[in-house]
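Heads up: the structure comes next, in structure tokens.
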2 protein chains.
Amino acid sequence: MPNPDSPIPSVWTRPPKKAPALSREQIVAAAMKLLDTEGLEALSLRRLGVELGAAATAFYRHVANKDELIELVVNEVYGELRIDGEAPWRESVTVIAHSFRAAILRHPWFVSVIGEVGLAYLGPNVMGKTDQMLAVLERAGFALEDADLAMTAVLSFVVGHTTSEAAWLTTLARSGRSEQEWMDGLVPVAEQAAQPYPALRRLFELQRRSGAATREDSFAYGLELILDSLERRMR
Amino acid sequence: MPNPDSPIPSVWTRPPKKAPALSREQIVAAAMKLLDTEGLEALSLRRLGVELGAAATAFYRHVANKDELIELVVNEVYGELRIDGEAPWRESVTVIAHSFRAAILRHPWFVSVIGEVGLAYLGPNVMGKTDQMLAVLERAGFALEDADLAMTAVLSFVVGHTTSEAAWLTTLARSGRSEQEWMDGLVPVAEQAAQPYPALRRLFELQRRSGAATREDSFAYGLELILDSLERRMR
DNA sequence: CTGAATATGTGAACACTGTACGCAGCAGTT
DNA sequence: AACTGCTGCGTACAGTGTTCACATATTCAG
């Protein structure tokens, strides 16, 4: 907001407006930060405008619509996956899986958005990581179709498991209660229900005291179920 | 919009208002129908009001807010799961998994919502089915914690795999293109990309011609990977 | 150097959304 | 008959994504 009465407008060395002041990368970076710090429902174009000192409508010069913006941020998450193409295949896949899980937990909004975006949008990072993972499996001796099946199985499990984890963590955070408090409140829920849930009730009780298997253990367990079978089928 | 100048307000035989005219079950049923036929973004309280001949604000007498309404509909989906507690455990689990998949595909909006609801809301159907599934595994000889781990692994895979499927199907439907057209368009995408995706490119080509493994095959394959390992660990 | 063309940001406006609130009428009880 | 609680409605508010005409700034052609 330059004051039009200012006496020095033509003397002023022009501010560096060579760069268009708003770039696609800037926008997705700001969106990512906003999503990570305040969650999905905090991401509105007007809010993003405040964050970047621009009007809400300015983004339409750089991005088709909000959906495309989200696709771009999702693609950015895929960029965080680490793939070690040199290690033996089982180790490679394990690293990918854990790194995917970590990335999702770092960006919990991801799971609220994956159902809409899916794998239909093929951003460069999505395609790149997929390609590398296929390559790892092929080098291990899988035929291309089998590599596809194996990869799909692993990634499906990773996304499914981590979806539960992330959803649980966000609702836990929203509730304000501690994890122990929540578990304690769970047992009465299963008791007072109209129908009895005997097995579930015992599970709640078990988890409440003997400190439940951690979520990471559960993740590692399921992953090994899949990898064990894959390894056996290869030999 | 009753006209206040109308000469017959007190003569009017009162409409049958004995039954509260709006019940929780009615509301979730209408919401479910709307979701299934027109998708998630069509579900607004005002639209639901039109569907039920009521004002948008009427629902707040029966449901806390829109989020709770969605939780209720999600719980309804769980109600569609079929569990055969008598069959041998492997068959039982297979049936549950396929029935879960079918339910999600019948209600594709489910995957857009599961990331927010997660398993934090424990509706009666959610708890009921979980309990029955645990019981199946315990009866097969799993210790309770192991049954939990096994169930989590299976359900994670089911949700993850079906999430991809449903997301893919909805974007395909939205695009208007046929599946074959889409696959044909995929190969050039992998070719013209800045970086090359050799494995992915070959996979696209392979799927385009030799008619790709169906999604159900891929689902069954991954499921069997998990079940094979579970079976082996049991003996 | 001038003038036209193109790219970028803005403010107002539109059609929606979820939801809070107060009012009206009916149900059943006292 | 009066009171109390339940249910639905109309209004209103703050906020959303998006469109469009307009202003400016930059780039390029002659």
Side-chain angles (χ1 to χ4, degrees), chain A residues 1-4 6 9-10 12-27 30-31 34-35 38-73 109 112-113 116-117, chain B residues 1-6 8-27 30-31 34-35 38-73 109 112-113 116-117 174:
Chain A
M1 45 193 71
N3 184 353
S6 170
S10 55
W12 189 210
T13 68
R14 66 177 93 133
K17 285 207 175 167
K18 196 61 174 286
L22 220 54
S23 78
R24 235 170 127 101
E25 294 82 26
Q26 254 180 47
I27 294 175
L34 195 50
L35 285 169
E38 306 197 32
L40 181 60
E41 66 264 17
L43 179 65
S44 77
L45 296 185
R46 284 171 173 85
R47 177 66 196 281
L48 202 56
V50 171
E51 225 69 27
L52 282 168
T57 57
F59 304 105
Y60 286 86
R61 302 287 177 191
H62 304 266
V63 160
N65 48 31
K66 195 186 177 184
D67 284 354
E68 184 181 297
L69 175 57
I70 288 184
E71 285 174 349
L72 291 173
V73 189
W109 47 268
S112 308
V113 126
E116 320 234 27
V117 175
Chain B
M1 46 190 74
N3 184 354
D5 301 337
S6 171
I8 46 149
S10 56
V11 182
W12 189 205
T13 69
R14 68 180 91 137
K17 284 206 175 169
K18 193 63 176 287
L22 221 53
S23 77
R24 235 169 127 101
E25 294 81 27
Q26 254 181 47
I27 295 175
L34 195 50
L35 284 169
E38 307 196 35
L40 181 60
E41 66 264 17
L43 178 65
S44 76
L45 296 185
R46 284 171 173 86
R47 177 67 196 281
L48 203 56
V50 172
E51 225 68 28
L52 281 168
T57 57
F59 305 106
Y60 286 87
R61 301 287 177 191
H62 305 264
V63 159
N65 49 31
K66 194 185 177 184
D67 285 353
E68 184 181 298
L69 174 58
I70 289 186
E71 284 173 352
L72 291 173
V73 190
W109 48 268
S112 307
V113 125
E116 319 234 30
V117 175
R174 243 195 305 253

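Proteins get letters first, then strands, A, B, ... in listed order; numbering begins at 1 in each. All of these numbers come straight from a predicted model, not from anything done at the bench.
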> What is the distance, rounded to the nearest whole Å, between atom CD of A:Glu68 and atom P of D:dG17?
Replying inline: 15 Å
> Taking atom C1' of C:dC16 as reference, at what distance in whole Å does atom CG of B:Leu43 sit?
Replying inline: 14 Å
>> Closest approach to the side chain of A:Arg61, judged atom by atom: which nucleotide of D:dT19, D:dC9, C:dT8 is it?
In response: C:dT8
> With a non-hydrogen cut-off below 4.0 angstrom, is A:Ser44 in contact with a base, only sugar-phosphate, or nothing?
Replying inline: sugar-phosphate
> A:Leu69 CG to D:dT16 C1': how many Å, rounded?
Replying inline: 15 Å
> Is the shortest heavy-atom distance from the side chain of A:Leu48 to the side chain of A:Leu69 under 4.5 Å?
Replying inline: yes
> Quick one: are B:Glu116 and A:Leu40 in side-chain contact, heavy atoms under 4.5 Å?
Replying inline: yes
> With a 4.5 Å heavy-atom cut-off, do A:Leu34 and A:Arg47 have their side chains touching?
Replying inline: yes
> Expressed in angstrom and rounded to an integer, what is the separation of A:Leu48 atom CG from D:dT18 atom P?
Replying inline: 13 Å
>> Rounded to whole Å, please give me the gap between CG in A:Leu52 and C1' in C:dT10.
In response: 15 Å
> Does A:Arg46 make a side-chain donor-acceptor contact with the base of D:dG17, cut-off 3.5 Å?
Replying inline: yes
> Rounded to whole angstrom units, what separation is found between the CG atom of A:Leu45 and the P atom of C:dG11?
Replying inline: 15 Å
> In whole angstrom, what separates A:Leu22's CG from D:dT24's C1'?
Replying inline: 16 Å
>> Taking the side chain as everything from C-beta on, heavy atoms only, tell me whether A:Leu43 gets closer than 4.5 Å to A:Trp109.
In response: no
> Considering heavy-atom distances to DNA chain D, does A:Glu41 or A:Ala64 have its closest nucleotide positioned more toward the 5' end?
Replying inline: A:Glu41
> Within the side chain of B:Arg24, is there an N or O that forms a donor-acceptor pair under 3.5 Å with the backbone of B:His62?
Replying inline: yes
>> By nearest atom, which of the nucleotides D:dT19, D:dC9, C:dG18 is closest to the B:Lys66 side chain?
In response: C:dG18
> Counting side-chain heavy atoms from CB outward, which of C:dG9, C:dT10, C:dT19 is closest to B:Thr57?
Replying inline: C:dT19
> What is the nucleic acid contact for B:Ala58, judged by heavy atoms within less than 4.0 Å: base, sugar-phosphate only, or nothing?
Replying inline: sugar-phosphate
> NE2 of B:His62 versus P of C:dT19: gap in Å, rounded?
Replying inline: 16 Å
